[in-house]
Amino acid sequence: MYSLKRQLLLWLLLPQLVLWLAGALFSYRLAGRYANEAVDATLAQAVRSLSRQVKPMGNGLLIDFPRAAQDVLEADPNDKLLYTVSSPPGKFILGNRNLPSPPSTPATPPMGEAQFYDGELDTPERPDLRQGAPVRVAALYLQFGENPRDQQTMLVQVARSSANRELLARRLLIDTMLPLSLLIVLMSMIVWAGVGAGLAPISRLRRLVEGRRPNDLRPIELDAAPQELRSLAQAINELLEAVSHNVQSQRRFISDAAHQLRTPLAGLKSQSELALAEAPPGPLTARLARVHESATRSAHLVNQLLALARTEPESVTRQPLTRLDLTRLAREVTAELVPRSLLQQVDLGFDEDEPLADIEVMGINLLLREALVNLVDNAMRYAGRGATVTVQVRRAPGSAQGGAASAVGAVNGAGAGGVHGTGSLPGSVAPVVIHECAELLVTDNGPGVPAAMQDKVFERFFRGTHEGNGCGLGLAIVKEIVERHGGQVSMTNVSPHGLQVRMRLPLAAAV
């Protein structure tokens with residue numbers, strides 16, 4: 001996959017590697033040139049000293065080359081000098097016979113000026129030198145003879161093995177490249193750290209975006225980022241603002257439409273009830289019954305849409321949190337729903353395990369009451385006539401939660417920090433651990449819900465059965481409300497038959 005960091009490191013480190021290799025080659029050639037200059041200076045001095053030991057005498061040569069002088073030339077056992085004197089050039093007089101001849105002998109060679117060249121030994125006369133060994137040679141042409149017409153040419157050659165020259169060049173290369181290599185490594189580390197630091201705002205932007213919930217449309221704050229990322233963040237913020245505006249417009253439309261529909265639907269329901277009461281039995285009465293059923297179902301849908309609109313994050317964050325006694329709230333809601341349960345022939349009751357213990361939570365009274373009403377109403381609708389519905393509140397051990405449940409930390413923190421009366425629900429923060437929570441249970445002995453559908457029934461407009469006049473929003477509203485309060489809602493089938501819906505909320509901090 002394409003990686004911006006990898007591309008930056010490639011474009012920054014690869015040229016350094018190429019430059020390092022080029023520098024190594026250049027340094028090696030430069031070290032070789034300096035080594036040649038040092039060797040050539042030594043050979044020039046030696047060839048001139050040797051030429052002075054060969055003195056012209058009449059038309060001949062006097063060779064004054066004592067053994068001591070030979071010992072001086074061969075003093076270094078690791079780098080001995082080889083020499084040859086020939087006159088005319090190529091006719092051996094003194095020294096070693098295996099020195100390579102000059103590459104080319106001009107018709108009029110330069111006299112008294114040393115020439116330098118590389119060559120290889122022919123058949124060495126000494127066992128310490130192998131055949132074909134590379135050598136560096138200095139050649140000097142001289143003329144001798146008293147009569148200018150009869151002057152002859154003499155060639156003096158001094159050679160030295162190239163091994164020491166190569167060793168010197170390698171040492172110069174190592175001494176040059178070692179600090180350069182350390183510098184390259186240090187620069188690479190700095191580049192690596194710099195690229196990581198430069199791309200850190202991108203990682204921060206990624207965390208800001210991927211850590212959000214789908215309904216969190218707040219602007220992204222990235223003030224300390226480079227100009228390029230601020231432009232990107234601004235473009236994302238503009239998109240989020242446009243999306244938020246569209247979502248709010250749709251929510252306002254739903255809310256306004258529901259409010260506008262409540263009055264005519266209520267009138268239609270009342271008129272249909274009056275018409276049913278006064279109409280004689282017959283086909284018209286059946287049609288009026290269906291109209292009344294549709295009006296009742298439409299009114300219920302409108303009320304559910306209004307309740308759903310109240311659970312949206314924008315609505316929740318504007319409402320204050322208060323300390324509520326969940327046991328008292330559940331007992332009141334159960335008592336209010338008893339007349340409806342009698343009409344539906346359902347045995348509705350409240351079971352209190354801890355009558356003396358206060359189970360308090362931080363929440364919004366209206367929303368929690370709406371959630372409990374929906375749970376009980378859903379149980380009575382689908383459990384059927386003659387069923388038993390029981391409401392229970394108790395304490396339960398907590399668990400690690402995240403996402404929407406992360407509001408628990410903010411709620412508990414508000415209580416612990418001294419905010420005892422009111423507060424507000426946040427959008428989303430980091431996961432927290434609830435050590436103890438309040439648990440509200442609604443249990444019925446109806447047919448239950450298949451395990452494969454127990455997660456889907458909390459989705460909007462999903463209905464597990466076509467019986468009844470529900471609209472598929474009751475449990476979705478419960479889930480929205482519970483998650484806005486930092487809790488969880490789930491359901492399980494009970495034995496031998498029935499369904500239990502469990503609503504877990506964080507306990508309010510002690511005051």
Expected output: side-chain [X] to main-chain [Y] donor-acceptor under 3.5 Å:
| X | Y | answer |
| --- | --- | --- |
| Thr334 | Ala330 | yes |
| Asp347 | Val389 | no |
| His497 | Asn445 | yes |
| Thr322 | Gly363 | yes |
| His485 | Glu480 | no |

### Message
Quick one, Glu439 with Leu441, criterion side chain to side chain contact (heavy atoms under 4.5 Å, CB included). Give me CA distance, side-chain angles, the key distance, then yes/no.
### Response
CA-CA 6 Å; Glu439 199 170 67; Leu441 307 175; 3.8 Å; yes
#### Entry: Residue pair Val361, Leu368: steps toward the side chain to side chain contact (heavy atoms under 4.5 Å, CB included) verdict
CA-CA 10 Å; Val361 297; Leu368 291 179; 4.1 Å; yes
Looking only at heavy atoms, what is the nearest atom pair of [X] and [Y], with distance?
| X | Y | result |
| --- | --- | --- |
| Gly486 | Pro506 | O-CD, 3.7 Å |
| Arg323 | Ala509 | NH2-O, 2.8 Å |
| Ala438 | Leu507 | CB-CD2, 3.7 Å |
| Ile359 | Asp325 | O-OD1, 3.5 Å |
| Ile174 | Pro179 | O-CD, 4.3 Å |
| Ala379 | Val442 | CB-CG1, 4.0 Å |

Separation between [atom1] of [X] and [atom2] of [Y], rounded to the nearest 0.5 Å:
| X | Y | atom1 | atom2 | value |
| --- | --- | --- | --- | --- |
| Cys437 | Arg504 | SG | CZ | 3.5 Å |
| Leu375 | Glu370 | CG | CD | 10.5 Å |
| Gln500 | Ser490 | CD | OG | 8.5 Å |
| Leu199 | Leu205 | CG | CG | 12.0 Å |
| Met491 | Asp455 | CE | CG | 9.0 Å |

Close side-chain approach of [X] and [Y], heavy atoms under 4.5 Å:
| X | Y | answer |
| --- | --- | --- |
| Asn378 | Val501 | no |
| Leu329 | Asn365 | yes |
| Leu324 | Glu360 | no |

### Message
Check this for me, if you would: do Glu336 and Arg369 make a salt bridge, where the nitrogen-to-carboxylate-oxygen distance has to be below 4.0 angstrom?
### Response
yes
### Query
Got a salt bridge between Asp377 and Arg381, using NZ or NE/NH1/NH2 to carboxylate O under 4.0 Å?
yes
### Message
One pair to check against side chain to side chain contact (heavy atoms under 4.5 Å, CB included): Tyr382 and Leu499. What are the steps and the verdict?
### Response
CA-CA 10 Å; Tyr382 298 104; Leu499 182 70; over 6 Å; no
### Query
Does the side chain of Asn237 come under 3.5 Å of the side chain of Glu241 through a donor N or O and an acceptor N or O?
no
### Task
Determine whether the side chains of Arg394 and Gln392 contain a donor N or O and an acceptor N or O closer than 3.5 Å.
no
Let me have the donor-acceptor pairs involving side chains of residues 8-27, under 3.5 Å, with sequence neighbours excluded, atom names and distances please.
| unit_1 | atom_1 | unit_2 | atom_2 | d |
| --- | --- | --- | --- | --- |
| Gln16 | OE1 | Ser188 | OG | 3.4 |
| Trp20 | NE1 | Ser181 | OG | 2.9 |
| Ser27 | OG | Gly23 | O | 2.7 |

#### Entry: Full working for side chain to side chain contact (heavy atoms under 4.5 Å, CB included) between Leu440 and Leu372
CA-CA 9 Å; Leu440 190 149; Leu372 183 55; 3.4 Å; yes
### Task
Applying salt bridge (Lys or Arg N to Asp or Glu O under 4.0 Å), name anything that partners Arg136, two or more places apart in sequence or on another chain.
Asp40, Asp118
